[in-house]
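Letters go in sequence order (proteins before strands), and every chain restarts at 1.
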Amino acid sequence: MKLSEIKKIIKKIIKEKTGEDFKIEIEEPRAKNISADLSFPAFEILKKYKNKLEIIIKELKGTGFFEKIETVLGFVNLKLKNEILINSLGLIYRDVSEYFRGEKKNKRVLVEYISANPTGPLNVANARAGVIGDLLVESFNISGFDVDSEYYYNDCGKQIELLGISLRERVKEIKGEEFKIPEEGYYGEYLKNIAREYVERRYNVLSFIVENYKDYALKKIVEMQKKSLKNFGTEFKNYIYESEIRKSTLIREVLKKLENYTYKKEGAIYFKSTEFGDDKDRVLMKSDGEYTYFLVDIAYHLHKIKRGYDYLINLWGPDHHGYIPRMKGALRALGFDKFEVLIVQQVNLRRGKERVRMSKRKGEIYSLDDLIKEVGKDAARFFLLLRAPSTPLDFDLELAKKMSQENPLYYVQYAHARCNQIEEFAKKKGFNMEIPENIKFDPKEIEIIKKIYLIQDIYEKISEKFVTHLLPFKLINLVSVFHSFYQSERVVDENNAENTLRRLFIVRCLKNLLKFMLGSMKIKAPEKM
RNA sequence: GCCCCCGUAGCUCAAUUGGAUAGAGCAUCGGAUUUCUAAUCCGGUGGUUGCAGGUUCGAGUCCUGCCGGGGGCGCCA
């Protein structure tokens, strides 16, 4: 019996007996010294239906899932039967992904993230959005949604013009001509490299047209970004270009559909976003007839809607928070309200006490590639997940590099390596892996199995509440129980085959679980450390 | 001026979104290795949750005001 099913049944019983759908979280008890596995507050139920709680508890007892049910200070505390816990192991042994899999939802979800301007290398904030987005996609997938990931390229506009000009000037530089990169242009080293390549390939024949430079730079930078992301373990299902949206009829369609919510003022067309809670109305078409970024963005989202998604999820940087009300408003005006924005806050880089300073003007940024090179892909991904998405994150490069007890990634990976080494050792001693006959587990073993069981609905929780940071935390918590067990108990014991086989079975289940969970973060599970 | 995020142990952060006696890791102090990996384990010290009110059975969490740190305000993208 899966954890999510048990929770569902508890909720169903409460609803049946009270006739009301209480919003109740069934969770591990937060307080210490409580031996229950699951718990829910019953204050509201007691207040409204004082005599019904007894009936609910009686019904819960009837399910046969629980060894003990008691009400303490208004909480209903439930202790699961050991056999419920133990029975779940078989599935982990055979197929971990099945263990975590939620029931099919028949809902399509689109998660759009990173979507950085294709004008330079990706930075650490992009990396953070990347790992969070990846884990969300993974969680939706595991939880039974049909999910796609998407990256949107703003390949039009002023920034891109400046990119083209900057490249043109760099090419001049290489040819020994006089050059000047505009104030707002791009100064990074990467453009010099692109310029060098450009000259070598003799693109310089007719190259007074900015267009050529622009297209070339764009192509190269998109390639560069994709390569960085691939090294980081992030790949997208869809890549959408702003230029495609502009070429389509979507923009005119948006203007038509929003007709009832727009007005003309001083030659510009405004969208009445104030009607949707924004603090002022926003321009869709400028007085010179140009589309605003906002209008094109609405068109892009209409494109998403037309592709048949039920839920749209966007990860944006903190500089876009003011943009949320108008975008939500526009989509509501188009008749779509399953649109969520998760703000991924900034990353502050440090080396010990010292802050890593960056200057965009000089083209000095600490890039995703730098990060991968300095601390490694796995440590980077783990650390970037360790904080709630919408809180600022301090990233200490020294700490992430350090191979010590301070580094929680190694703590988790070490547990996996340990499981593997135990199995290797057992093999040498002639033990074969099998499902044990004797399923009388001792209390210390049950403790591990319980942790394994209670972590089961983690991906569902992440997909519901976007709490990606819970995964590393839960992992650390799970693994600490195992490390403690390892210290006091032996797994492989030549004089006690029964114990050995039973414990080897747990070790294998844990190993499968750790590998799967690390994999869901695209982090390696080493066999040996 | 308006908006967003943050303020919790010496440090970095949790607290299941309003639940039980606010928890971890690091640092620090003490202890564990003839043993499947010590990148580990066991124990101690450490708190007026920035301040002041309010809401209620119950507040770190919600509301109001203030203090401090960071970010954002465009017919830019």
Answer with yes or no whether [X] presents, from its side chain, a donor or acceptor under 3.5 Å of a partner atom in the base of [N].
X	N	value
Arg326(A)	G74(B)	no
His483(A)	C41(B)	no
Asp319(A)	A77(B)	no
Thr292(A)	A77(B)	no
Gln487(A)	U40(B)	yes

Span that lies between the [atom1] atom of [M] and that of [N], in whole angstrom:
N	M	atom1	answer
C57(B)	G44(B)	C1'	37 Å
G10(B)	G47(B)	C1'	12 Å
U33(B)	U28(B)	C1'	23 Å
C6(B)	G46(B)	C1'	24 Å
A24(B)	U64(B)	P	34 Å
G25(B)	G60(B)	P	23 Å
G72(B)	C63(B)	P	24 Å
U17(B)	C62(B)	C1'	11 Å

Take the protein atom [atom1] of [X] and the nucleotide atom [atom2] of [N], then report the distance between them rounded to whole Å.
X	N	atom1	atom2	result
Tyr323(A)	C75(B)	OH	P	13 Å
Phe395(A)	C26(B)	CZ	C1'	16 Å
Ile343(A)	C3(B)	CD1	P	17 Å
Lys461(A)	U17(B)	NZ	P	8 Å
His321(A)	G70(B)	NE2	P	17 Å

Using a heavy-atom cut-off of under 4.0 Å over every strand shown, decide if [X] touches base, sugar-phosphate, or nothing.
X	answer
Asn77(A)	base
Ser287(A)	base
Ala417(A)	base
Val467(A)	base
Glu27(A)	base
Tyr293(A)	base
Gln413(A)	nothing
Glu489(A)	base
Ile476(A)	nothing
Tyr270(A)	base
Ser488(A)	nothing
Lys528(A)	base
Glu28(A)	base

Tell me whether the centres of the aromatic rings in [X] and [Y] are closer together than 6.0 Å.
X	Y	answer
Phe43(A)	Phe75(A)	yes
Phe276(A)	Tyr261(A)	yes
Tyr151(A)	Tyr153(A)	yes

>> Both Arg246(A) and His469(A) contact RNA chain B. Taking the nearest nucleotide for each, which residue is further toward the 5' end?
In response: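 Closer to the 5' end of RNA chain B: His469(A).
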> Taking for each residue the nucleotide of RNA chain B with the nearest heavy atom, is it Ile34(A) or Lys265(A) whose nucleotide lies nearer the 5' end?
Replying inline: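 The residue whose closest nucleotide sits nearer the 5' end is Ile34(A).
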Closest to side chain of [X], choosing from [options]:
X	options	result
Asp394(A)	A39(B), C13(B), A77(B)	C13(B)
Arg490(A)	C57(B), U35(B), U40(B)	U35(B)
Tyr414(A)	U37(B), C57(B), A14(B)	U37(B)
Lys158(A)	U37(B), C76(B), G70(B)	C76(B)
Ser484(A)	A77(B), C75(B), C41(B)	C41(B)
Pro392(A)	G60(B), C6(B), A39(B)	C6(B)
Val72(A)	A14(B), G74(B), A20(B)	A20(B)
Phe473(A)	C41(B), U37(B), C13(B)	C13(B)
Arg30(A)	G19(B), G74(B), U37(B)	G19(B)

> Is U17(B) syn or is it anti, if syn means the base angle is within 90 degrees of 0?
Replying inline: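 What U17(B) shows is a syn base, its glycosidic angle lying within 90° of 0.
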> Between Lys7(A) and Glu460(A), is the closest basic N to carboxylate O distance under 4.0 Å?
Replying inline: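 No, this pair does not count.
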>> Could you walk me through whether Glu112(A) and Lys304(A) satisfy the salt bridge (Lys or Arg N to Asp or Glu O under 4.0 Å) test, starting with their C-alpha distance in whole Å, then the side-chain angles of each, then the deciding distance to 0.1 Å, before giving a yes or no?
In response: CA-CA 10 Å; Glu112(A) 184 216 325; Lys304(A) 290 183 182 179; 2.7 Å; yes
> Under 4.0 Å: is that the gap between some side-chain N or O of Lys286(A) and OP1 or OP2 of A77(B)?
Replying inline: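 Looking at the OP1 and OP2 atoms of A77(B), one of them is under 4.0 Å from a side-chain N or O of Lys286(A).
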> So, is Ser39(A) close to the U16(B) phosphate, meaning a side-chain N or O under 4.0 Å from OP1 or OP2?
Replying inline: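 No, no such contact exists.
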